[in-house]
Amino acid sequence: GVQTCALPIWELVRALACKYYGVPVPEIGIRFVYYIKPRVYVDVSRVRMLQKKTQRMWVFFAAGYTVLITLAIGTVGWSLTTVGSYLNTFFLTLAATSAWTVLFTWNPFLKRDAYNLIGSWLEIPRLRERAQAVANAWMWGQPLPEPLSQKELWRSEEHTSELQSH
């Protein structure tokens with residue numbers, strides 16, 4: 001219940017950040033997780049159109065920052081309300097849902113906001129795949145992968161699908 005209400009807010013903030021910087025948002029919709037649970041998503045694949053690195057980073061940071069704010073609201077509300085009341089349960093659920101979301105949103109090993117934030121900061125497309133290739137080369141004594149070529153520039157259209165919010 002609470003996550004169903006909070007998640008659209010987080011995704012809306014992501015879409016608003018794109019719009020703020022003039023990036024078109026081609027699609028906002030609902031996906032089903034495991035064909036059962038509906039989940040709102042925003043296609044932010046065109047964020048690569050932004051020339052400034054800081055603008056790309058703010059788009060990825062916006063939703064995660066909103067999650068942190070809802071975590072703070074939930075925690076403060078939970079601590080200030082009467083134990084056992086409906087409002088106390090609501091704030092506890094909001095805090096727990098937000099905390100759980102923070103674990104996934106700010107985990108750089110998952111292709112979520114933190115991963116995209118780091119990729120934007122370092123300006124390295126397909127960061128995870130490249131890091132795995134280097135790790136495999138190191139572990140198995142293979143040659144390192146080739147450096148980035150000109151066609152693999154950060155704004156390349158072929159890598160935009162990894163940026164879609166899940």
Side-chain angles (χ1 to χ4, degrees), residues 1-78 81 85-132 154-166:
V2 174
Q3 185 181 17
T4 305
C5 297
L7 187 62
I9 294 170
W10 301 332
E11 292 298 324
L12 180 61
V13 167
R14 184 188 322 274
L16 289 173
C18 285
K19 288 293 187 182
Y20 179 80
Y21 290 117
V23 176
V25 177
E27 188 174 21
I28 297 175
I30 297 174
R31 290 186 181 160
F32 287 90
V33 179
Y34 301 113
Y35 303 102
I36 298 171
K37 184 180 179 197
R39 179 161 179 137
V40 176
Y41 75 95
V42 174
D43 180 357
V44 294
S45 60
R46 298 197 178 158
V47 77
R48 295 200 194 275
M49 294 170 38
L50 292 170
Q51 298 294 321
K52 292 184 178 180
K53 176 173 47 171
T54 55
Q55 292 175 343
R56 288 191 305 266
M57 291 173 66
W58 271 110
V59 169
F60 295 125
F61 183 73
Y65 184 68
T66 307
V67 173
L68 291 173
I69 290 172
T70 57
L71 173 61
I73 291 169
T75 304
V76 170
W78 171 67
T81 55
S85 68
Y86 289 116
L87 199 54
N88 183 264
T89 304
F90 170 80
F91 282 124
L92 176 61
T93 307
L94 180 63
T97 301
S98 299
W100 188 253
T101 304
V102 165
L103 289 175
F104 289 102
T105 301
W106 293 110
N107 183 346
F109 298 110
L110 301 175
K111 284 190 172 183
R112 303 282 304 180
D113 292 334
Y115 169 82
N116 290 321
L117 189 65
I118 292 170
S120 292
W121 177 49
L122 297 174
E123 296 185 333
I124 299 175
R126 298 186 340 250
L127 179 62
R128 180 180 178 155
E129 291 82 2
R130 296 190 58 77
Q132 286 177 333
W154 183 244
R155 290 171 206 83
S156 173
E157 285 296 318
E158 67 186 81
H159 307 298
T160 57
S161 64
E162 74 186 45
L163 287 176
Q164 289 189 359
S165 174
H166 302 288

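Given the structure is predicted, the values throughout are model-derived calculations rather than measurements.
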>> Suppose we screen for ring pair (Phe, Tyr, Trp, His ring centres under 6.0 Å). Which residues come up paired with Phe61, at least two apart in sequence or across chains?
In response: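 If we apply the ring pair (Phe, Tyr, Trp, His ring centres under 6.0 Å) test to Phe61, skipping adjacent residues, the hits are Trp58, Tyr65, Trp106.
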Please round to the nearest 0.5 Å and tell me the distance separating atom [atom1] of [X] and atom [atom2] of [Y].
X	Y	atom1	atom2	answer
Ile9	Ile69	CD1	CD1	11.5 Å
Leu92	Thr97	CG	OG1	9.0 Å
Thr93	Phe91	OG1	CZ	11.0 Å
Arg112	Leu117	CZ	CG	13.5 Å
Tyr41	Glu11	OH	CD	10.5 Å

> Is atom CG of Leu103 surrounded by more than 12 heavy atoms (other residues, nucleotides or ligands) closer than 6.0 Å?
Replying inline: yes
Closest non-hydrogen atom pair between [X] and [Y], with its separation:
X	Y	result
Pro8	Val40	CG-CG2, 3.7 Å
Lys19	Pro24	NZ-CA, 4.4 Å
Arg56	Gln51	NH1-O, 3.7 Å
Phe32	Ile36	CD2-O, 3.7 Å
Arg14	Val44	CD-CG1, 3.3 Å
Ala15	Ile28	CB-CD1, 4.0 Å

> Stepwise, does the side chain to side chain contact (heavy atoms under 4.5 Å, CB included) test hold for Trp78 with Asn88?
Replying inline: CA-CA 5 Å; Trp78 171 67; Asn88 183 264; 3.5 Å; yes
>> Walk me through whether Leu127 and Ile118 qualify under side chain to side chain contact (heavy atoms under 4.5 Å, CB included).
In response: CA-CA 9 Å; Leu127 179 62; Ile118 292 170; 3.8 Å; yes
> Can you find a pair of side-chain heavy atoms, one from Arg46 and one from Cys18, that are under 4.5 Å apart?
Replying inline: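 Not in contact.
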> Leu68 pairs by side chain to side chain contact (heavy atoms under 4.5 Å, CB included) with which of Thr101, Ile73, Thr105, Val102?
Replying inline: Val102
> Just by distance, do the side chain of Tyr21 and the backbone of Leu50 share a donor-acceptor pair under 3.5 Å?
Replying inline: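 The answer is no, because no donor-acceptor pair under 3.5 Å joins these two groups.
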> Can you find a side-chain donor-acceptor pair between Gln55 and Tyr20 that sits under 3.5 Å?
Replying inline: no
> For Thr70, which residues count as a side chain to side chain donor-acceptor pair (under 3.5 Å) partner, sequence neighbours excluded?
Replying inline: Trp10, Ser98
